[in-house]
There are 2 protein chains.
Amino acid sequence: MEGNRLQRVTIAQVADRAGVSTATVSRALSGTRPVSEEVRRRVLAAARELGYSGNSIASALRRNRTDTVGMVVPSIGNPFFTSLVESVEHVLQAEGRQLFLCDSRQDPEVERQHLRSMIARQVDGIIISPCHGSESASAVQAAADAIPLVQLDRHVADTSTDWVGVDDHEAMRLVLEHLHATGARSAAFVSSAMTNSSTELRLAGFRRQTERLGIRTRPDWILLGEYSMAWGRSATAELLDGAELPDAIVCADDLIAIGALRTCRARGVAVPDDMQITGYDDIDFADLVDPALTTVNQPRDRIAAEAVRLLATAETWGGTSAHTALAPSLVTRQSTASPERSARYLTGAEHQESSSRS
Amino acid sequence: MEGNRLQRVTIAQVADRAGVSTATVSRALSGTRPVSEEVRRRVLAAARELGYSGNSIASALRRNRTDTVGMVVPSIGNPFFTSLVESVEHVLQAEGRQLFLCDSRQDPEVERQHLRSMIARQVDGIIISPCHGSESASAVQAAADAIPLVQLDRHVADTSTDWVGVDDHEAMRLVLEHLHATGARSAAFVSSAMTNSSTELRLAGFRRQTERLGIRTRPDWILLGEYSMAWGRSATAELLDGAELPDAIVCADDLIAIGALRTCRARGVAVPDDMQITGYDDIDFADLVDPALTTVNQPRDRIAAEAVRLLATAETWGGTSAHTALAPSLVTRQSTASPERSARYLTGAEHQESSSRS
DNA sequence: TCGCTGCGTGTAATCGTTTGCCGAGCAGTT
DNA sequence: AACTGCTCGGCAAACGATTACACGCAGCGA
């Protein structure tokens with residue numbers, strides 16, 4: 001076994017071997033300018049023989065672009081973000097670009113460092129789902145001043161960057177109208193205390209729709225903790241210990257809802273007969289728990305594609321920003337009752353609620 | 001809103017502002033060589049005022065290192081790999097290094113491209129869980145020839161790179177001894193058909209241990225498909241439709257096992273009374289399904305730490321390789337019966353089975 | 001006073017590509 | 001023959017940081 005690492009082969013060596021200049025090698029390989037067929041063949045052969053693989057660091061320095069976009073998510077452990085990442089990576093790969101992924105661990109300080117590091121690394125753009133509604137703001141704005149940036153799903157207040165996500169109000173309308181149709185007349189809401197746009201909009205949507213539909217709720221039925229199963233379990237335990245039981249528990253994400261399901265099962269509360277439960281995100285597991293979870297589906301591929309597209313336009317347009325809210329759809333499963341009417345799947349048609357260049 | 005992107009600030013501008021040379025700025029900021037207190041203050045002030053954030057591309061080109069390690073996993077959607085990624089990122093972050101993550105989507109060709117791209121990108125090292133036992137080999141070997149590389153969990157044949165993972169034979173011994181103790185006398189094995197080291201070693205371990213313990217099995221009880229719940233479901237359906245039922249189903253990963261659980265529930269087969277089921281990996285959901293899954297825990301943090309450590313030594317030692325097998329442990333939950341003896345948690349002590357420098 | 005050491009700083013080369021500019025060669029036009 | 005236009009290829013200057021080397025200056029012992 002050789003003790004020494006192979007010496008990296010440079011464009012100059014390829015040029016030597018092919019008997020041309022480095023400029024010609026560069027052009028032959030990248031195709032930025034035409035090269036005679038004869039020379040191209042010699043260059044390709046030399047490159048292959050030497051195992052030349054280029055140095056994208058040097059290339060990036062010269063071209064001032066890395067063909068890489070950075071992505072920051074609050075928690076890669078959350079299946080919703082995991083699949084969002086998969087979608088984004090898929091879209092990028094189709095364009096021959098790479099994804100640089102970071103996990104902020106729900107910590108604005110970690111998030112700030114990741115953003116700085118991405119700027120220093122000269123990524124071509126940043127896709128971020130900020131972990132906090134206010135504490136993330138300054139770092140996000142600073143990053144947006146330096147390079148194209150689009151916020152995904154969540155967004156921070158007071159910034160003028162692109163954003164793409166779903167219409168949370170619409171989602172809550174779908175959920176509560178469905179519950180209303182199944183006969184629910186009172187509902188609790190379990191969410192995260194972390195202030196961020198998703199959390200706030202979902203809560204606001206819940207309040208507005210319960211009021212509109214005449215579904216009763218109470219201050220002690222609004223439970224705010226974190227996006228996790230553990231919180232779903234303890235919040236539900238708290239509800240079940242309360243004086244009065246709601247007809248339904250609306251959860252701000254699937255993890256919470258799955259926790260709620262488990263506590264109900266453990267306490268012998270039948271779902272959906274004694275208690276209806278809804279989630280949000282439609283993660284893979286939502287269909288695999290028992291009973292399967294009624295939840296809000298976010299069009300993840302569409303969101304990812306839109307984010308990448310916005311990034312591209314921001315590269316050229318810079319400065320103006322667009323907010324794109326896509327329509328969510330409701331996926332009804334066994335954790336809620338069937339409405340009297342036969343329709344089992346109330347799937348809202350996709351629509352573009354607002355899209356504006358300012 | 002300004003239409004123009006802020007011009008990136010360079011070290012030269014900081015130098016101008018602080019009234020020193022670029023060399024001094026570099027030294028003041030990196031601390032590679034002492035600088036007078038007075039000058040350091042001026043430089044730091046200038047850098048802060050201008051919002052200087054460095055250009056790690058240029059730095060990387062000159063220093064020939066990026067402080068970034070690349071990681072390639074077969075599927076980021078698989079919770080086991082997700083949490084492995086989290087662990088690795090955690091370890092790296094403690095050292096101020098970054099993780100460049102890629103998903104090979106179980107495709108050796110995609111994997112090859114990602115590896116090439118990482119080499120071109122000059123990552124300092126690569127951590128990979130190869131997606132295929134033989135088809136990944138050439139790309140992995142080629143990458144290992146260029147830069148330090150350590151294989152994680154799975155590994156390909158015929159390469160001389162570092163590897164760290166768990167001892168699959170030991171894991172199967174724990175599983176089958178436990179099943180034997182609970183009274184199981186026959187067992188099926190459901191795994192992936194993808195040839196890779198984990199798959200093969202787990203199957204070999206299953207065969208050896210069933211034979212040793214006198215647990216009966218049959219050729220048509222060895223079902224090979226893929227690491228997914230869907231496969232777990234259909235394989236189990238196939239088993240249940242068979243002429244004879246085994247006492248237990250040993251699954252090569254938790255996703256398969258969860259699929260198996262669901263099919264049993266759907267078919268009215270009681271777990272663990274009529275059928276015992278075990279998984280492998282101890283993903284978060286293993287504890288959350290019903291009944292909770294008995295499974296093999298891999299010490300993920302330990303694996304991650306070891307991988308990063310090996311990478312560091314490979315940077316200096318280059319050429320010699322080490323194989324490190326950590327001890328797995330069995331987590332017994334409700335999907336298997338209690339053995340007569342009272343011990344509920346048979347947790348193997350961690351040991352280092354083999355560690356050799358060649 | 002003369003070296004000598006050591007510290008702090010500046011100058012300029014360097015990392016490996018890409019690309020603006022130029023010139024050689026060739027064909028077609030006047 | 002002179003000129004124009006076009007294509008292909010080379011020269012050398014970037015890109016923005018790091019760092020080998022050199023230099024000036026102070027302190028210090030001889």
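Since we're looking at a predicted model, the values are computed, not measured. Letters go in sequence order (proteins before strands), and every chain restarts at 1.
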**Asked** Does the side chain of B:E89 come within less than 4.5 Å of B:E86's, by heavy atoms?
**Response** no
**Message:** Given D:dA14, D:dC11, D:dC8, identify the nucleotide with an atom nearest to the side chain of A:R62.
**Reply:** D:dA14
**Complete:** Winner on side-chain proximity to A:S59, out of D:dC8, D:dT18, C:dT17, is C:dT17
**Prompt:** When you match A:G19 and B:V25 each to their closest nucleotide on DNA chain D, which lands nearer the 5' end?
**Reply:** A:G19
**Asked** Among the nucleotides D:dG10, D:dC15, D:dC8, which one has an atom lying closest to any side-chain atom of A:P34?
**Response** D:dC8
**Request:** Give the rounded distance in Å between these two atoms: CZ of A:R63 and P of D:dA13.
**Result:** 23 Å
**Under-4.0 Å side-chain N/O to phosphate OP1/OP2 contact, A:T24 with D:dG10** = yes
**Item:** Salt bridge A:R42-A:E38, side-chain N to carboxylate O under 4.0 Å
**Value:** yes
**Message:** Under 4.0 Å, heavy atoms only, any strand: does B:S26 hit a base, just the sugar-phosphate, or nothing?
**Reply:** base
**Complete:** Winner on side-chain proximity to A:T22, out of D:dA17, D:dA12, D:dT18, is D:dA12
**Item:** Per B:I11 side chain, nearest of listed nucleotides D:dA17, C:dG8, D:dC21
**Value:** D:dA17
**Prompt:** Atom CG of A:N55 to atom C1' of C:dG16: distance rounded to whole Å?
**Reply:** 6 Å
**Item:** Sugar-phosphate only, base, or nothing, as touched by A:T10 at under 4.0 Å among non-hydrogen atoms
**Value:** sugar-phosphate
**Message:** If you define the side chain from C-beta out and look only at heavy atoms, does anything of A:Q151 sit under 4.5 Å from A:S197?
**Reply:** no
**Request:** Round to the nearest Å and state the distance from A:L29 atom CG to C:dT18 atom C1'.
**Result:** 12 Å
**Request:** Taking only the side-chain heavy atoms of B:A23 (C-beta and beyond), determine which of D:dA12, C:dT11, D:dG10 contains the nearest atom.
**Result:** C:dT11
**Item:** Side chains of B:L29 and B:Y52 in contact at under 4.5 Å (non-hydrogen atoms)
**Value:** yes
**Asked** Given atom CG of A:N64 and atom C1' of C:dG16, what is their separation to the nearest angstrom?
**Response** 16 Å
